[in-house]
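For reference, the structure is listed below as structure tokens.
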Amino acid sequence: MTPDLFGDTPGAFAPEPLAPGAVVLRGYAAGVAGALLAAITEVAAGAPFRQMKTPGGYTMSVAMTGCGEVCWVTDQTGYRYQAGDPLSGQPWPAMPEPFLRLAGEAAAAAGYRDFIPDACLINRYCPGSRMSLHQDRDERDFDQPIVSVSLGLPATFQFGGETRRVRPVNVPLSHGDVVVWGGPARLRYHGVLRLKQGWHPLTGEYRYNLTFRRAL
DNA sequence: CAGTACCG
DNA sequence: CGCG
């Protein structure tokens with residue numbers, strides 16, 4: 001069944017179990033992808049995509065920007081949530097309304113009520129970009145879930161365990177898919193395999209990922 | 001180790 | 001040489 005995103009009635013939607021506390025909502029955001037992509041363009045006009053450096057000194061293959069009260073950043077100093085864009089010193093663009101609504105509804109569909117993200121990290125993948133296995137652990141409250149939205153080119157998401165020793169499960173993700181993890185799955189390692197070349201009618205050669213978090 | 005390099 |  002189709003989710004009634006931004007409508008008046010909460011539509012039924014079948015979450016696909018991934019692990020205890022984690023679900024995939026296939027195609028959940030497809031109907032609002034146009035609005036989400038327009039909002040990404042608007043955010044990027046104020047806070048351009050940039051490739052950040054890890055504490056190890058390497059440049060990430062994924063280009064990032066973000067919006068909300070704070071956004072995740074990395075540099076040679078380390079990882080952190082920051083209220084201002086390091087490039088401009090200005091506050092991050094405000095969280096677009098379609099972002100807030102999608103994140104809240106997807107979290108609810110996954111069983112996490114009253115999710116109000118204060119940070120959205122926007123990742124742009126080009127062919128060859130990847131995100132190695134990591135934990136989201138720079139947030140203050142691990143009771144709040146993570147909501148991850150895929151737009152554009154398909155990719156393979158890896159979902160591992162709480163340690164690196166657990167062999168990750170490969171999850172193919174397409175345009176509009178949403179992954180939500182929290183509770184017992186909140187600190188599980190995850191990543192994205194190297195993006196294959198391709199073309200999507202709405203995003204061209206790119207894949208975008210929106211990651212919603214409650215950071216503060 | 002939110003990294004690359006290397007190897008099977 | 002590409003993939004994992």
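Letters go in sequence order (proteins before strands), and every chain restarts at 1. Scope of the values below: all heavy atoms of this structure, side chains included, with no hydrogens, waters or symmetry mates. Everything numeric here is computed off the predicted structure, so don't read it as measured data.
- For the OP1/OP2 pair of dA2(B) and a distance below 4.0 Å, the side-chain nitrogens and oxygens of Tyr79(A) include at least one atom meeting the criterion.
- Contacts of Met60(A) with the nucleic acid, taken as non-hydrogen atoms under 4.0 Å apart, involve only primed sugar atoms and P, OP1 or OP2.
- Rounded to whole Å, atom C1' of dA2(B) lies 10 Å from atom CG of Leu133(A).
- Ile40(A) and Tyr206(A) fall within the same hydrophobic cluster, where Ile, Leu, Val, Met, Phe, Trp and Tyr residues are linked whenever their side-chain heavy atoms come under 4.5 Å apart, directly or through other members.
- For Leu187(A) and dC1(B), the CG to P distance is 19 Å, given to the nearest whole Å.
- Distances shorter than 4.0 Å separate none of the side-chain N or O atoms of Arg130(A) from OP1 or OP2 on dC3(C).
- Across every strand in view, dA2(B) sits unpaired, with no contact that passes the Watson-Crick or G-U test at under 3.5 angstrom.
- Looking at Arg188(A) and Asp136(A), no side-chain N of the basic residue comes within less than 4.0 Å of a carboxylate O on the acidic one, giving no salt bridge.
- Atom P of nucleotide dC3(C) and atom CG of Asn170(A) are separated by 14 Å, given to the nearest angstrom.
- In this structure, CG of Leu195(A) is placed 20 Å from P of dA2(B), rounded to the nearest angstrom.
- Pair assignment for dC1(C): none, as no Watson-Crick or G-U wobble contacts are both less than 3.5 Å.
- Atom CZ of Arg188(A) and atom C1' of dC1(B) are 19 Å apart (whole Å).
- Regarding Leu121(A), its CG atom lies at a distance of 14 Å from the P atom of dA2(B), rounded to whole Å.
- The residue Arg80(A) sits apart from the nucleic acid: no heavy atom pair falls under 4.0 Å.
- Under a 4.0 Å N-O distance rule, the pair Arg214(A)/Glu139(A) does not qualify as a salt bridge.
- Across the protein-nucleic acid pair, Gln158(A) atom CD and dC1(B) atom P stand 17 Å apart, rounded to whole Å.
- In this entry the distance linking CG of Leu193(A) with C1' of dG3(B) reads 16 Å, nearest Å.
- When ring centroids are compared, Phe157(A) and Trp181(A) come within the 6.0 Å threshold.
- Residue Arg164(A) is in base contact, counting any heavy-atom pair closer than 4.0 Å across all strands shown.
- Listed nucleotides dG3(B), dA2(B), dC3(C) differ in distance to Arg213(A); the shortest reach to its side chain belongs to dA2(B).
- Classification of Asp75(A) and Arg80(A) as a salt-bridged pair holds, one side-chain N sitting under 4.0 Å from a carboxylate O.
- A distance of about 16 Å separates the C1' atoms of dC1(B) and dC6(B), rounded to the whole Å.
- As judged by a 4.0 angstrom heavy-atom cut-off over every strand, Thr54(A) is placed among residues touching the sugar-phosphate backbone only.
- Regarding contacts with the backbone of dG3(B), a side-chain N or O of Ser132(A) is found under 4.0 angstrom from either OP1 or OP2.
- Asn209(A) comes within 4.0 angstrom of nothing in the nucleic acid, heavy atoms only.
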